[in-house]
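Please read the structure below before turning to the comments.
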Amino acid sequence: MAPYAGIVTRNLVRRYDDRAVLDGVDLEIAAGEFVALLGRSGSGKSTLLRALAGLDPEVDGSGELVVPENVSVVFQDSRLLPWATVLDNVVLGLRGAEEKGRQSLAEVGLAGREKAWPNELSGGEQQRVALARSLVREPELLLADEPFGALDALTRLKMHALLRTLCEVHRPAVLLVTHDVDEAVALADRILVLEDGRLIAEEVVDEPAAVRARLLDALGVSV
Amino acid sequence: MTVTTLPGLRPVTRTAPVVRRRRLGPGRPIKFGAAIGPVVLLAVWSIGSATGWIDPRVLSAPWTVVTTAGELISDGRLQSNLWTSSQRALVGLGLGIVLGVVLALISGLSRLGEAILDGPIQIKRAIPSLALLPLLILWLGIGESMKVVTILLGVFVPIYIHTHNGLRTIDSRYVELAQTVGLSQREFIRRVVLPGALPGFLLGLRFAVTGAWLSLVVVEQINATSGIGYMMELARTYGQTDIIIVGLVLYGILGLLSDGVVRLIQRRALTWRRTLAS
Ligand SMILES: Nc1ncnc2c1ncn2[C@@H]1O[C@H](COP(=O)(O)OP(=O)(O)O)[C@@H](O)[C@H]1O
Ligand SMILES: [Mg+2]
């Protein structure tokens with residue numbers, strides 16, 4: 001296969017206890033493309049994301065999977081090590097990356113907080129540190145599993161703007177898992193809907209209002 | 001009735017009478033409350049001794065205890081016995097900490113180590129280390145090594161248990177994180193496992209220090225020729241309750257001091273736990 005900095009999956013299947021949680025997922029994401037994945041709770045979004053992140057070696061399954069070498073993950077919880085300073089969290093596992101770490105923190109608006117403990121930051125700030133930790137690795141693919149799910153509405157809107165800016169600068173391919181239709185429409189170039197382990201709808205975000213209505217329909221929400 | 005008016009809003013009227021709720025807590029803290037009990041105790045002791053109600057053969061008067069302490073200090077007996085006791089406790093504590101940590105690391109970081117070590121240590125845990133004294137005396141005699149080993153045995157178990165527990169209960173979310181950022185095994189242990197186990201170790205340390213003093217008190221009453229315990233044993237044979245009380249006060253001070261030191265270490269090592277709230 002030709003070098004390809006995005007994702008390709010073919011007939012991806014993942015099973016828990018003989019139940020197919022992913023039931024033949026065909027997915028392509030181009031380099032630099034921002035894709036949102038919508039779906040009801042339990043539809044298999046996290047399972048798909050964990051498969052793409054290579055976090056499920058012990059899970060039964062089959063199918064083809066091509067992902068770039070350099071993948072970063074943002075979790076719903078910021079998952080910062082509480083005993084490491086903000087800067088040490090950002091450069092965790094990197095050597096001699098202090099300066100890049102500082103720049104990355106400045107990019108998410110946390111210059112000057114390098115020495116703080118994660119516990120001293122608000123939820124939104126912690127999630128910004130997690131973003132800095134992901135971006136300092138210059139990923140070709142950014143996987144985010146409901147990264148703003150635990151934030152209040154105002155902070156979430158600010159984080160949307162920040163994420164969009166950062167993605168325009170760094171241009172990773174993005175797969176953003178969310179259950180929030182408005183978040184998906186606001187951020188993504190393309191939106192996929194997962195249900196019972198299958199992709200059942202795809203929308204390119206051209207006319208937000210119409211896309212939003214169709215997505216709500218696909219999700220079984222009548223408006 | 002309460003009326004609140006905000007600009008641009010209709011006044012909000014609450015017609016229900018304001019109910020004063022009964023406080024459920026124990027109430028406001030009393031100033032210097034912690035000192036009241038000891039002061040009362042001291043007063044009863046003083047009055048009892050002064051009126052002759054407390055027989056000095058049963059319990060010496062407080063002032064006798066103070067003068068005796070002064071004499072013990074001026075002839076150097078107190079210092080030398082204190083030094084011997086502290087040395088025993090510190091050597092036993094130090095060796096016990098090293099042993100406990102090494103065993104916890106072996107069994108916390110390798111499944112084979114755990115299979116071999118954890119069972120025997122859990123069995124040892126069920127046997128109070130002081131119950132091993134007869135065996136230790138047969139093996140090691142009644143000299144210093146028996147005393148230090150007894151203390152060590154009381155110390156290493158809590159260190160092992162809590163450090164091992166800390167190593168084994170690392171949050172699986174951090175394991176996942178380590179995988180996604182590509183930490184090597186060594187970095188994972190250094191960055192995640194060891195710092196994560198530190199609070200457990202420090203908790204074990206507090207139990208260990210208490211245990212060390214307890215063992216010290218017991219071993220010093222077995223055929224010792226120096227130490228605070230020896231000083232008290234000797235005083236018992238002469239019926240000198242004043243010296244016995246000086247010994248008790250010394251043990252108390254040592255216990256409080258060492259607990260304070262451990263808590264200070266805890267605060268220093270776990271600064272990251274202090275949050276916005278505290
Ligand atoms: N480790 C697991 N073991 C067993 N079942 C699981 C496991 N993880 C997820 N599942 C099941 O797979 C289904 C999809 O889960 P998930 O991918 O987490 O959904 P989503 O993220 O869309 O809410 C759920 O029914 C869930 O119960
Ligand atoms: Mg999920």
Side-chain angles (χ1 to χ4, degrees), chain A residues 46 49-59 67 69-95 97 101 113 115-123 125-126 129-130 132-139 141-145 147, chain B residues 101 104-105 108-111 159 162-206 262-278:
Chain A
S46 296
L49 196 117
R50 291 172 57 81
L52 298 175
L55 284 172
D56 64 346
E58 72 288 347
V59 177
V67 284
E69 190 113 310
N70 193 352
V71 179
S72 279
V73 183
V74 183
F75 302 92
Q76 174 163 6
D77 60 306
S78 60
R79 214 161 288 200
L80 303 175
L81 300 174
W83 47 78
T85 62
V86 162
L87 182 59
D88 285 343
N89 265 291
V90 170
V91 299
L92 182 67
L94 302 175
R95 273 169 206 285
R113 304 303 302 273
K115 291 247 157 64
W117 299 114
N119 279 345
E120 296 172 320
L121 304 182
S122 70
E125 287 171 330
Q126 291 180 6
V129 177
R133 179 181 60 199
S134 290
L135 292 171
V136 78
R137 282 147 230 276
E138 290 167 8
L141 172 63
L142 181 67
L143 299 171
D145 194 353
Chain B
V101 168
L105 286 177
L109 300 180
S110 91
R111 286 291 176 192
I159 295 275
H162 293 281
T163 311
H164 178 252
N165 189 40
L167 291 168
R168 281 286 154 173
T169 53
I170 296 294
D171 196 330
S172 65
R173 296 174 315 129
Y174 296 142
V175 180
E176 213 172 71
L177 170 72
Q179 286 168 347
T180 62
V181 300
L183 288 191
S184 66
Q185 185 75 25
R186 272 187 57 176
E187 283 174 314
F188 175 60
I189 289 172
R190 200 165 77 84
R191 301 272 173 191
V192 181
V193 178
L194 294 184
L198 188 62
F201 164 76
L202 290 169
L203 180 65
L205 187 61
R206 280 188 77 176
V262 175
R263 272 199 279 186
L264 192 73
I265 295 173
Q266 237 171 357
R267 275 235 305 282
R268 283 287 169 82
L270 303 180
T271 38
W272 54 267
R273 281 201 167 176
R274 273 185 260 161
T275 58
L276 280 179
S278 59

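All chains are named by letter (A, B, ...) in the order of the sequence lines, taking the proteins before the strands, and each is independently numbered beginning at 1.
- Atom CZ of B:Arg190 is surrounded by 12 or fewer heavy atoms from other residues, nucleotides or ligands within 6.0 Å.
- Here the OG1-CD distance, from B:Thr271 to A:Glu120, works out to 8.5 Å after rounding to the nearest 0.5 Å.
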side-chain contact (heavy atoms from CB on, under 4.5 Å) between A:Thr85 and B:Trp272: does it pass, once the steps are laid out? CA-CA 8 Å; A:Thr85 62; B:Trp272 54 267; over 6 Å; no
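- In this structure, no portion of A:Leu143 lies under 4.5 Å from any heavy atom of chain B.
- In terms of heavy atoms, A:Leu55 sits closest to B:Gln179 at CD2-OE1, 3.3 Å.
- Under the side chain to side chain contact (heavy atoms under 4.5 Å, CB included) rule, A:Trp83 has a single partner from B:Val192, B:Leu198, B:Leu270, B:Leu194, which is B:Val192.
- Ranked by heavy-atom pairs under 4.5 Å with chain B, the list A:Ser72, A:Gly93, A:Pro82, A:Ser134 is led by A:Pro82.
- In this structure, CD on B:Glu187 lies 5.0 Å from CZ on A:Arg95, to the nearest 0.5 angstrom.
- With a threshold of 4.5 angstrom between heavy atoms, A:Arg79 approaches chain B through its backbone and through its side chain.
- Here the closest non-hydrogen pair linking B:Tyr174 and A:Leu81 is CD2-CD2, 3.8 Å.
- Rounding to the nearest 0.5 Å places CG of A:Leu92 at 6.0 Å from CG of B:Leu177.
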